[in-house]
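Whatever order the structure lists ligands and atoms in, that order sets their numbers, starting from 1. All values reported here derive from a predicted model rather than from experimental measurement.
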Amino acid sequence: MSGGGAGLRGIAAGNTSICTVGDGHNLYYRGYEVAELVKKCGFEEVAYLLLRGKLPTAGELKDYRVYLNDLRKIPPEVGDVLQKLPPTCNPMTVCQLAVDLFALTEPETEPTEQQALECSEKLLAKMPVMICCWQGRSASFDFEQNDQSPIAADFLQRLIGDAPSGEQVAALDAALILYAEHEFNASTFTARVVAATMSDTYAAMTAAIGALKGPLHGGANEAAMRMIEGYSDSEQAAAATHKMLADKTLIMGFGHAVYKSSDPRSAVIKEVSRTLSEHHPRGSLFAISEAIEQVMRDEKGKFPNLDFYSASAFHFLGIPTELFTPLFVCSRITGWGAHIIEQRSDNRLIRPTADYRGPGPRIVPDLATRT
Ligand code: COA
């Protein structure tokens with residue numbers, strides 16, 4: 001291993017029953033293929049599956065939606081602070097702060113599985129509202145909603161101001177499902193390390209958000225968007241991609257640490273993006289994305305990961321680019337929560353060792369003799 005190690009690629013760091021990449025190019029949540037979950041379920045059903053271990057019955061789903069809807073309200077002291085933060089703040093730092101502020105008002109009382117479930121579901125319901133609150137969007141509850149309105153519909157309505165179409169809600173729901181969980185990725189592993197110290201769920205979540213913030217992890221969709229929207233047509237995009245590859249520039253939204261031939265989530269989100277592009281004034285961004293994909297495949301053998309086409313899909317939904325990664329947080333809270341619960345169910349402090357590469361034992365020289 002070199003200085004930072006080889007990124008622990010291929011090393012199993014623990015057991016899990018939540019999610020697996022299966023045969024190397026399929027993703028399963030508790031045994032269900034993610035593409036099938038997108039076709040047959042809404043995000044709340046998948047959240048229930050991840051956090052509570054089974055798909056809900058129709059009755060359980062109805063109750064769950066009402067329960068989550070009730071949890072959406074945020075304490076006024078949290079709302080006050082978020083509203084006063086300037087819009088220039090880093091959105092992921094705002095997400096961390098939102099979790100911490102909420103933790104201060106309603107701390108977790110003991111590190112049990114039940115408490116982890118309750119805290120995770122509170123954040124699942126509140127995080128989209130807390131983000132909108134900071135953005136100066138509607139944090140109130142005065143628009144028309146029924147007590148079962150999905151998280152995706154509520155978020156879009158707050159953000160855009162108008163009631164979203166069924167197609168828009170389905171598109172965001174699909175993205176939320178695809179982003180919900182991904183085995184021992186960097187942020188989830190971070191959450192488990194923190195949970196294993198018997199710290200609280202909120203501390204594990206803020207640490208996970210910190211890991212997700214990095215452009216090699218959650219920040220890739222924003223970087224992909226900024227690249228895609230900089231091109232006016234497919235030819236320009238293709239030429240620029242060739243040049244970036246020649247310059248050895250990392251192209252965000254391509255490649256993956258686990259998948260080596262394709263990311264199963266990409267085909268799903270690509271179709272979502274294609275459909276949304278048909279009704280959008282800047283629908284040409286889809287063709288631009290395809291041109292970049294083609295060059296990446298031909299020249300580098302790299303395939304798009306979930307972040308690449310989710311960038312244009314989110315853009316077509318009217319979501320500001322700086323909220324792409326916070327939206328990832330809103331979804332991944334379910335996966336993080338499931339892993340915190342699982343960690344607590346059979347906890348052992350996570351404490352690996354390192355292969356030491358530094359100097360051998362030596363005497364500390366006196367200050368006056370040091371060079
Ligand atoms: N653009 C250009 N080149 C890339 C690339 C990309 N997006 N992803 C990988 N490569 C290159 C690497 O630089 C490496 O080149 P080298 O052999 O000349 O050093 C080669 O392809 C092999 O990389 P690989 O081992 O497959 O990837 P990894 O496991 O080291 O890294 C990622 C995986 C995800 C960190 C990496 O693909 C990446 O940084 N992608 C962009 C960020 C991104 O989209 N992140 C979201 C992940 S869901």
Side-chain angles (χ1 to χ4, degrees), residues 1-13 19-22 24-27 29 34-35 92 174-190 208-231 237-270 272-273 289-315 321 324-329 331-332 335-336:
M1 282 192 188
S2 58
L8 303 180
R9 294 291 189 281
I11 294 174
C19 170
T20 184
V21 166
H25 48 261
N26 274 319
L27 178 63
Y29 296 169
V34 74
M92 292 296 276
L176 291 173
I177 292 171
L178 295 171
Y179 270 118
E181 163 58 4
H182 212 211
E183 199 216 30
F184 274 27
N185 60 85
S187 57
T188 302
F189 191 63
T190 302
I209 295 169
L212 191 70
K213 186 178 179 183
L216 294 189
H217 189 6
N221 54 12
E222 292 186 19
M225 188 65 226
R226 296 192 200 287
M227 173 180 71
I228 296 162
E229 68 186 349
Y231 304 131
T241 309
H242 281 297
K243 179 161 185 340
M244 284 168 81
L245 288 179
D247 294 344
K248 300 221 169 299
T249 307
L250 204 56
I251 300 189
M252 294 300 163
F254 286 88
H256 200 274
V258 176
Y259 303 117
K260 290 302 162 204
S261 57
S262 66
D263 177 339
R265 304 164 300 173
S266 175
V268 181
I269 199 70
K270 183 174 177 180
V272 168
S273 175
S289 304
E290 279 197 307
I292 298 170
E293 177 186 355
Q294 196 59 52
V295 174
M296 287 301 283
R297 283 191 190 279
D298 293 348
E299 206 171 301
K300 195 79 189 172
K302 289 284 168 202
F303 54 89
N305 57 48
L306 172 59
D307 289 316
F308 188 63
Y309 282 101
S310 70
S312 50
F314 287 164
H315 180 82
T321 305
F324 288 6
T325 320
L327 199 50
F328 192 160
V329 172
S331 161
R332 189 56 66 87
W336 294 332

Per-atom contacts of ligand 1 with Met252, taking only distances under 4.0 Å to non-hydrogen atoms:
41 (C), 42 (C), 44 (O)
Keeping the roles fixed (side chain from Ser273, backbone from Ile269), state whether a donor-acceptor pair exists under 3.5 Å.
no
Could you check whether any side-chain N or O of His217 sits under 3.5 Å from a backbone N or O of Ser187, counting only pairs where one atom can act as donor and the other as acceptor?
yes
When you measure from atom 14 (C) of ligand 1 to the protein, is at least one non-hydrogen atom found at a distance under 4.0 Å?
no
For Arg9, the ligand 1 atoms with a heavy-atom partner under 4.0 Å come out as 28 (P), 29 (O), 30 (O), 31 (O)
A student checking ligand 1 against His217 at a 4.0 Å heavy-atom cut-off should list atoms 46 (C)
Please answer whether the main-chain N or O of Phe303 pairs with a side-chain N or O of Arg297 as donor and acceptor at a distance below 3.5 Å.
no
Main chain of Leu306, side chain of Asp263: is a donor-acceptor contact present, judged purely on distance under 3.5 Å?
yes
Atom 48 (S) of ligand 1: closest protein heavy atom, distance to 0.1 Å, is His256 CD2, 3.6 Å
Just by modelled atom types, is the Val295 backbone N or O under 3.5 Å from a matching donor or acceptor in the Glu293 side chain?
no
Please check this pair: side chain of Thr188 against backbone of Phe184, looking for a donor-acceptor N/O pair closer than 3.5 Å.
no
Just by modelled atom types, is the His256 backbone N or O under 3.5 Å from a matching donor or acceptor in the Lys260 side chain?
yes
Give the atom numbers and elements of ligand 1 that come within less than 4.0 Å of a heavy atom of Met296.
1 (N)
Under 4.0 Å from atom 40 (N) of ligand 1, is there any protein heavy atom?
yes
Short list, please: which atoms of ligand 1 are under 4.0 Å from a heavy atom of Leu216?
39 (O), 45 (N), 46 (C), 47 (C)
Among all the protein's heavy atoms, is there at least one whose distance to atom 4 (C) of ligand 1 comes out below 4.0 Å?
yes
The closest protein heavy-atom partner of atom 21 (O) of ligand 1 is Lys302 CE, 3.1 Å
Output the list of atoms in ligand 1 that are nearer than 4.0 Å to some heavy atom of Gly253, sorted by atom number.
43 (C), 44 (O)
Which option out of Asn305, Asn185, Ile251 puts a heavy atom nearest to atom 2 (C) of ligand 1?
Ile251
Give the atoms of ligand 1, by number and element, whose distance to some non-hydrogen atom of Asp307 is under 4.0 Å.
46 (C), 48 (S)
Whether Phe254 and Phe308 hold their rings parallel, tilted or perpendicular, with breakpoints at 30° and 60°
tilted
Whether the side chain of Thr190 engages the backbone of Ala208 through a donor-acceptor N/O pair (distance < 3.5 Å, no angle test) should be reported.
no
Does the protein place any heavy atom closer than 4.0 Å to atom 32 (C) of ligand 1?
no
Atom of Arg332, atom of His182 and distance for their closest heavy-atom approach
NH2-CB, 3.6 Å
I'd like to know if the side chain of Tyr29 and the backbone of Leu178 have a donor-acceptor N/O pair within less than 3.5 Å.
yes
Select the closest option to atom 25 (O) of ligand 1 among Lys300, Met244, Lys260, judged by heavy-atom distance.
Lys260
Using heavy-atom distances only, which candidate in Tyr179, Phe254, Phe308 approaches atom 38 (C) of ligand 1 most closely?
Phe254
Using modelled atom types and a 3.5 Å cut-off, is there a donor and acceptor pairing between side-chain atoms of Asp247 and backbone atoms of Thr249?
no
Looking at Ala220, which atoms of ligand 1 are within less than 4.0 Å of one of its heavy atoms?
43 (C), 44 (O), 45 (N), 46 (C)
Under-4.0 Å heavy-atom contact between protein and atom 17 (O) of ligand 1
no
For atom 12 (C) of ligand 1, grab the closest protein heavy atom and report residue, atom and distance to one decimal in Å.
Leu250 CD1, 4.9 Å
